[in-house]
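Read the structure below first, then the notes.
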Amino acid sequence: MSVDTATVRHIAKLARLQMSDAEVEALVPELNNILGWVEQLGEVDTDGIEPLTAVIEQKLRLRDDVVNDGNCRDAVLVNAPDAQHGFFAVPKVIE
């Protein structure tokens with residue numbers, strides 16, 4: 001597959017990019033090189049190779065799952081516009 005100037009203009013239109021004629025001409029060989037690399041990847045023999053999610057094995061660093069109350073009520077209520085008796089105070093709503 002190869003890319004020509006009409007294809008580049010069409011892609012730019014779909015991406016809502018405004019490109020000059022010089023930019024379009026410069027992008028044609030770049031896109032053709034990218035497509036060449038993709039075609040080379042398609043030729044690689046991957047039979048018997050399991051898919052990977054990452055190249056490097058990573059282990060998640062998890063903290064202990066401990067239930068607590070947070071013990072930060074006073075620090076949270078400092079930001080409240082109105083706090084009473086350790087709770088957020090809000091106006092009464094009656095319909």
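Since we're looking at a predicted model, the values are computed, not measured. Residue indices begin at 1 and follow the sequence shown.
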Just checking E57: does its CD atom have more than 12 heavy atoms from other residues, nucleotides or ligands closer to it than 6.0 angstrom?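 Counting other residues, nucleotides and ligands, CD of E57 stays at 12 neighbours or fewer.
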Got a list of side-chain donor-acceptor pairs under 3.5 Å for residues 84-95, not counting sequence neighbours?
none

With ILVMFWY side chains joined below 4.5 Å, transitively, what does L62's cluster contain besides itself?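 L62 shares its hydrophobic cluster with L60.
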The criterion is side chain to side chain contact (heavy atoms under 4.5 Å, CB included); which residues satisfy it with A26, sequence neighbours excluded?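 Once residues adjacent in sequence are excluded, A26 has no partner under the side chain to side chain contact (heavy atoms under 4.5 Å, CB included) criterion.
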When hydrophobic residues are tied together by side-chain contacts of less than 4.5 Å, even through go-betweens, does I11 share a cluster with V24?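 I11 does not cluster with V24.
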For V3, is there any backbone N or O sitting under 3.5 Å from a side-chain donor or acceptor partner on N32?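 A pair under 3.5 Å: yes.
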Which pairs count as salt bridge (charged side-chain N to carboxylate O under 4.0 Å, His left out) when at least one residue sits in residues 58-68, sequence neighbours excluded?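 Passing the test, one end in residues 58-68: no pairs.
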Of all pairs that satisfy salt bridge (charged side-chain N to carboxylate O under 4.0 Å, His left out), the ones with a partner from residues 17-39, not counting sequence neighbours: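 Salt bridge (charged side-chain N to carboxylate O under 4.0 Å, His left out) check on residues 17-39 returns R9-D21.
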Kindly write out the residues that satisfy side-chain hydrogen bond (donor to acceptor under 3.5 Å, both in side chains) with T7, not counting sequence neighbours, or none if the list is empty.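 Checked T7 against side-chain hydrogen bond (donor to acceptor under 3.5 Å, both in side chains); matches are D4.
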The criterion is side-chain hydrogen bond (donor to acceptor under 3.5 Å, both in side chains); which residues satisfy it with N71, sequence neighbours excluded?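 side-chain hydrogen bond (donor to acceptor under 3.5 Å, both in side chains) list for N71, sorted by chain: empty.
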Looking at every heavy atom in both V8 and L31, which two are closest together, and how far apart are they?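 So the two residues come closest at CG2-CD1, 3.8 Å.
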Within this structure, what is the CZ-CG distance for the pair R16 and L14, rounded to the nearest 0.5 Å?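 Answer for the CZ-CG pair, R16 versus L14, is 9.0 Å.
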